[in-house]
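So the structure is just underneath, and the comments pick up after that.
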Number of protein chains: 2
Amino acid sequence: MKWDEIENEVCSVSRTLAVVGDRWTMLIIRDAFLRVRRFDDFQKNLGMSRHRLSERLKKLVEYGVLRKEAYQANRYEYRLTEKGLELYPILISMAKWGDKWMDDGKGVPMLYKHNTCGKHYKPVVVCSECGEPIDPHDVTPEIGPGKFASSRAHSALHHVLKSAGK
Amino acid sequence: MKWDEIENEVCSVSRTLAVVGDRWTMLIIRDAFLRVRRFDDFQKNLGMSRHRLSERLKKLVEYGVLRKEAYQANRYEYRLTEKGLELYPILISMAKWGDKWMDDGKGVPMLYKHNTCGKHYKPVVVCSECGEPIDPHDVTPEIGPGKFASSRAHSALHHVLKSAGK
DNA sequence: CGCCATCGGTTCCAAAATGGAACTTAAGCC
DNA sequence: GGCTTAAGTTCCATTTTGGAACCGATGGCG
């Protein structure tokens with residue numbers, strides 16, 4: 001596989017990375033969640049080249065993660081769509097991991113208050129069916145219908161999953 | 001900021017991306033969770049260049065996400081450490097987002113069985129304090145102690161957070 | 001023992017992506 | 001009418017990545 005074929009992989013992680021797996025893209029999303037909306041604000045906050053920013057924003061709009069909206073003649077804002085807002089679990093999981101494992105000893109950079117209960121919270125990933133927190137050791141991945149249809153990928157992964165039982 | 005200074009940003013998302021934000025890295029992690037462990041297996045599964053794979057694996061070992069372990073003289077396995085295992089919420093959140101938003105109409109590529117309850121599950125991010133599912137609209141980010149120490153970043157973000165109240 | 005295959009890389013060069021400064025275009029503002 | 005700001009685009013230098021070929025240490029096998 002080449003990197004630009006990643007979107008066509010039969011894997012939801014690959015397809016997600018086709019959208020947000022580029023250098024800078026998740027940082028643009030992070031800023032969008034912090035209500036940054038304008039070209040120059042993104043550029044100043046991130047320090048990336050205008051060139052690249054322009055391209056990334058265009059791509060995110062094409063994918064439907066951001067929408068571009070004029071707030072004056074010839075002046076635009078970029079805002080998260082529903083699709084973009086649903087990236088939140090990925091973003092907040094990254095923040096939690098960084099808080100724990102990339103700490104520099106000066107305390108966490110940001111706190112997140114859950115307005116519903118009023119407390120600073122950490123995200124916890126739980127099972128949609130039983131509500132228990134997920135431990136990766138307690139999860140068994142299985143070939144789904146989409147992957148089954150793709151026989152080459154199927155056999156390659158099938159081998160891995162079978163042999164992993166050892 | 002330049003990309004290779006990203007690790008030193010006062011932001012846990014940036015610091016996480018310093019480890020897993022490179023092209024290919026999350027796919028290596030994905031494979032590791034599917035119990036791929038050997039150099040040639042990663043290379044064949046991913047189709048990336050041996051050159052790059054070699055570098056990425058080395059970096060992940062340096063960061064303590066993978067550990068390299070000889071299973072024979074001169075033959076090695078790469079396995080997730082505790083630090084690596086805790087990337088699971090990020091990975092499974094990406095899978096969920098891709099399932100929903102990057103579907104190609106052929107059904108989901110993979111299903112995940114939660115052994116604890118025996119059902120196929122979706123990850124749900126809930127609040128560590130009250131247990132309710134998190135809606136990003138119900139979260140207020142606040143400057144934490146680590147960010148407060150960094151005054152330039154503080155003032156820039158402070159502005160954003162204040163003006164966002166409008 | 002000697003040969004061959006496999007694994008786990010490294011080297012080297014071409015191709016692609018990124019960075020950065022300068023330029024452009026269209027409003028608004030005074 | 002001239003100045004400023006926002007939102008890009010252009011063009012070239014620098015960095016990263018891709019890919020094929022090479023290399024050295026085991027291990028298996030006749």
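In what follows, chains are A, B, ... by sequence order, proteins preceding strands, each numbered from 1. What you see below is based on every heavy atom in this structure, not just the backbone, and it leaves out hydrogens, waters and symmetry mates.
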What nucleic acid atoms does B:Phe42 come within less than 4.0 Å of, heavy atoms only: base, sugar-phosphate, or nothing?
nothing
Enumerate all atom pairs, one protein N or O and one N or O from nucleotides 23-26 of chain D, separated by less than 3.5 Å.
none

Whole Å only: how far is the OH atom of A:Tyr71 from the P atom of C:dA26?
17 Å
Taking only residues two or more places apart in sequence, or in another chain, which ones meet A:His114 in a ring pair (Phe, Tyr, Trp, His ring centres under 6.0 Å)?
A:Tyr121
Euclidean distance, A:Met48 CE relative to A:Thr25 OG1, rounded to 0.5 Å
7.0 Å
Looking at A:Tyr78, does any N or O in its side chain come under 4.0 Å of the phosphate oxygens OP1/OP2 on D:dA6?
no
Could you check whether the rings of A:Trp24 and B:Trp3 sit parallel, tilted or perpendicular, using 30° and 60° as the cut-offs?
perpendicular
Is there any protein nitrogen or oxygen under 3.5 Å from a nitrogen or oxygen in nucleotides 10-15 of chain C, and what are the pairs?
unit_1	atom_1	unit_2	atom_2	d
C:dT10	OP2	B:Ser54	OG	2.7
C:dC12	N4	B:His51	NE2	3.2

Verify whether one side chain among A:Trp101 and B:Glu86 offers a donor that lies under 3.5 Å from an acceptor in the other.
yes
Can you tell me the distance, in whole Å, between the CG atom of A:Asp4 and the C1' atom of D:dG18?
11 Å
Kindly point out which of D:dA7, D:dT16, C:dC7 is positioned nearest to the side chain of B:Lys44?
C:dC7
Could you walk me through whether B:Arg56 and B:Asp22 satisfy the side chain to side chain contact (heavy atoms under 4.5 Å, CB included) test, starting with their C-alpha distance in whole Å, then the side-chain angles of each, then the deciding distance to 0.1 Å, before giving a yes or no?
CA-CA 9 Å; B:Arg56 290 287 183 269; B:Asp22 277 316; 3.4 Å; yes
Measuring from B:Ser49:OG to B:Gln43:CD, what's the distance to the nearest 0.5 Å?
8.0 Å
For the residue pair A:Phe33 and A:Tyr88, does the interplanar ring angle fall in the parallel (under 30°), tilted (30 to 60°) or perpendicular (over 60°) class?
tilted
Does the pair B:Lys122/B:Asp99 count as a salt bridge with the N-to-O cut at 4.0 Å?
yes
What is the distance, to the nearest angstrom, from the CZ atom on B:Arg52 to the C1' atom on D:dT16?
6 Å
Salt bridge check, B:Arg52 against B:Glu55: does any charged N sit closer than 4.0 Å to a carboxylate O?
yes
In whole Å, what is the span from the CG atom of A:Leu53 to the C1' atom of C:dG19?
13 Å
Rounded to the nearest Å, what distance is computed from the CZ atom of residue B:Arg38 to the P atom of nucleotide D:dG27?
13 Å
Could you state the CD-P distance from B:Glu77 to C:dG9, rounded to the nearest angstrom?
12 Å
Looking only at C:dG8, C:dT18, D:dG19, the nucleotide nearest the B:Tyr76 side chain is C:dG8
Between B:Asp40 (CG) and C:dG9 (C1'), how many Å, whole number?
9 Å
Should A:Trp24 be listed as having a side-chain N or O under 4.0 Å from OP1 or OP2 of C:dG19?
yes
Output yes when at least one side-chain N/O atom of B:Arg23 is less than 4.0 Å from OP1 or OP2 of C:dA16, else no.
no
Nearest whole angstrom, please: distance from the C1' of D:dG8 to the NZ of A:Lys68.
8 Å
